Amino acid sequence: MKRLSSSPFVADAHGVRQRGRVRPALMWGVVALALVAGGGLWWWNKRAPAQGEQASAGAPGPGGGRAGGGRRGPGGPGGPGGPGAMGAQAQPVSVGVVERRDMRVLISAIGTMNPRATAVVRAKVSGELLRLHFKEGDEVKAGQLLAEIDPRSFQASFNQIQGTLQRDQALLKNAQLDLQRYKELQAQDSIAGQQVDTQAALVRQYQGTVAADQAQADAAKLQLSYTRITAPIAGRLGLRQADRGNVVNPSDANGIVTITQVKPIDAVFSVPEAHVGTLARRLAEGRELPVELWDRDLKQQLGRGRLNAVDNSIDIATGTIKAKAAFDNAEGRLFANQFVNVKLEVDRLEQALTVPTTAVQNNYVYLVQEDGTVTQRRIVVGVTDGDRVSVKGELKPGEQVVVDGIDRLREGAKVTVIEPDKVQKVDQAVQDASGQPRGMRNLPPDVRAKLATMNPDERKAYLQKLRAERGGQRNGGNGGSGGSGGNGGNVTAPAAEGSAPAGQSPVPSPGSPQPSPGPAPAVPSAPVAPAAPAAPAPAGR
């Protein structure tokens, strides 16, 4: 069995035995490669800053820094403005002041307006409607004339009964004279007493006839007066239900018009039974319980009144009791059956500690400290009155709490307080700008004020005149009527602002900067990258 050699010498291709060392040529080659690699790395490190400086002069990158170069600028992920530095920045917030003020304890409810009285104006006699003396929706007084019915038939009946009355009155007068003569003759014992008694009975008969005729005349006169339809109560008129020329009857269900008494007017609403004892005690003491009415969105107050009475029983189905409040309604803003939001004041807290309602979040508020940081303070929320809420906690009057920007805060975060007047001015400026026509936003203030006093036609003509004048100035500066850029001295105002007819240069809108009549400065063209060499066509194609 052949024994393996453990000698450090090996045989090469020529059979020469040498030690296991690296050849000198191979070693020098490795050293040369290392030097080349090191020089290339040194050259790349020198070139990278120059590329970063060139890229920094470019357009802003998505993070707020400059594009290219791979460097982290101020807006990059690691810069001061990047996402990693959000916690170190001061957050802009709006603040409110902790104050002590009287707070009302309110009961909110939903109510309906009920008129004090409602009357359907109907005709009391049948006849043709001749005239209408009212306008729908007007306020009328009691006894005011509203309509007239044809009175001729009723006048004829009254005249007939009046004639019968006059005839019977004449007969009665004659009978009374005869009775007087008979009594004188009886005193002289010239006639029998029976004749006197008979004449006295005839007088009483005529007296009865005259009384009946008088009653018929009064009834006919009353029927005649019914042809003039008057308002039974004072109030607001509704829509008319009959027109001129219609035949109206007392049996008409809708009548002629409806009157509702809304000055004063009542609001009926339901109060939870838990407040029944308090309301009853306040009413028994004679204390006035103020009531406010608000619109559906709780943005506009409709009226102020006071509680009049509560019902005598609780509704077992809802657990509430009905209450009624009275309102003067002097301005006529309340209507019958109108939906309202009711706020009933049952008590008042004297000088309670309050904060804005928007400052409270999960029974906490953010308190702004003197060093510009915020800290959380736990509070106990009480009653709400308008835009403020009463609280109990470690707060002092005059301190500032955050009301806007709470979602971006944490304990100890630095904040920057935005003045309320600045926010209001910015909001007002945005609203004013959005409310103006698009073409008027770039005009000078004096031109905008002048346009505001014009009607649409005058405003359109004035703007077209401005466009024509400025278009003529521009064409004159580009060569006048004889130049190639002119229009022969005739400038046509565009139909719409900001547009120009085909073949003409666009006319600048009033208030925009005018172009210079001199030659335009030369704009350096962007460097053009050399075209890439065409790839050779594949063989065999």
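On a predicted model such as this, the values are computed, not experimentally measured, just so you know.
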Measuring only between side-chain heavy atoms, which start at C-beta, is [X] closer than 4.5 Å to [Y]?
| X | Y | result |
| --- | --- | --- |
| N341 | D295 | no |
| N337 | F339 | no |
| K263 | E139 | yes |
| R228 | L145 | yes |
| L353 | V98 | yes |
| R333 | Q338 | no |
| P356 | R388 | yes |
| I229 | V121 | yes |

> Using 4.0 Å as the upper bound for N to carboxylate O, is an ion pair formed by R131 and E148?
Replying inline: yes
Heavy atoms from other residues, nucleotides or ligands near [atom1] of [X] exceed 12 (cutoff 6.0 Å):
| X | atom1 | answer |
| --- | --- | --- |
| E411 | CD | yes |
| D347 | CG | yes |
| R306 | CZ | no |
| E285 | CD | yes |

Taking [X] for the side chain and [Y] for the main chain, is one N or O donor matched with an acceptor at less than 3.5 Å?
| X | Y | result |
| --- | --- | --- |
| R287 | R282 | no |
| D385 | M103 | no |
| N114 | A267 | no |
| D297 | K299 | no |
| R304 | P290 | no |
| S390 | A352 | no |
| R122 | D252 | yes |
| Q464 | A461 | no |

So which atom in [X] and which in [Y] form the shortest heavy-atom distance, rounded to 0.1 Å?
| X | Y | value |
| --- | --- | --- |
| L132 | A242 | CD1-O, 3.8 Å |
| V140 | A231 | CG2-CB, 4.2 Å |
| A336 | V262 | N-CG1, 4.5 Å |
| I265 | P115 | CG1-CA, 4.1 Å |
| V291 | A325 | CG2-CB, 4.0 Å |
| V415 | A90 | C-CB, 4.1 Å |

How far does [atom1] of [X] sit from [atom2] of [Y], to the nearest 0.5 angstrom?
| X | Y | atom1 | atom2 | value |
| --- | --- | --- | --- | --- |
| R116 | N329 | CZ | CG | 11.0 Å |
| R104 | R348 | CZ | CZ | 6.5 Å |
| E370 | E399 | CD | CD | 9.0 Å |
| T373 | K414 | OG1 | NZ | 6.5 Å |
| I256 | L237 | CD1 | CG | 11.5 Å |
| E136 | T258 | CD | OG1 | 11.0 Å |

>> Determine whether M113 and F327 satisfy the following criterion, side-chain contact (heavy atoms from CB on, under 4.5 Å), listing intermediate values before the conclusion.
In response: CA-CA 10 Å; M113 304 307 300; F327 300 86; 4.3 Å; yes
>> Given Y366, which partner from the list Q376, R377, Q400 fulfils the side-chain hydrogen bond (donor to acceptor under 3.5 Å, both in side chains) test?
In response: Q376
> Checking side-chain contact (heavy atoms from CB on, under 4.5 Å) for the pair T358/D404: CA distance, chi angles, key distance, verdict?
Replying inline: CA-CA 7 Å; T358 53; D404 189 12; over 6 Å; no
> Among L279, I107, T278, which one satisfies side chain to side chain contact (heavy atoms under 4.5 Å, CB included) with L289?
Replying inline: L279
> For V374, which of V401, I406, V368 qualifies under side chain to side chain contact (heavy atoms under 4.5 Å, CB included)?
Replying inline: V368
>> Could you go through T416 and V93, starting from their C-alpha distance and side-chain angles, then the distance that decides it, and tell me whether this counts as side-chain contact (heavy atoms from CB on, under 4.5 Å)?
In response: CA-CA 6 Å; T416 300; V93 295; over 6 Å; no
>> Can you confirm if the NZ or CZ of R467 lies within 45° of the ring axis of Y462 and under 6.0 Å from the centre of its six-membered ring?
In response: no
>> For a side-chain contact (heavy atoms from CB on, under 4.5 Å) check, start with the C-alpha distance between I379 and V360, then their side-chain angles and the critical distance, and finish with the verdict.
In response: CA-CA 9 Å; I379 58 173; V360 181; 3.9 Å; yes
>> For E273 and T320: C-alpha separation, side-chain torsions, deciding distance, then whether side chain to side chain donor-acceptor pair (under 3.5 Å) applies.
In response: CA-CA 5 Å; E273 61 179 341; T320 59; over 6 Å; no
Quick one: side chains of residues 310-317, donor-acceptor pairs under 3.5 Å with protein atoms, not counting sequence neighbours, listed by atom name and distance.
| from | atom 1 | to | atom 2 | distance (Å) |
| --- | --- | --- | --- | --- |
| D315 | OD1 | A317 | N | 3.1 |
| D315 | OD2 | T318 | OG1 | 3.4 |

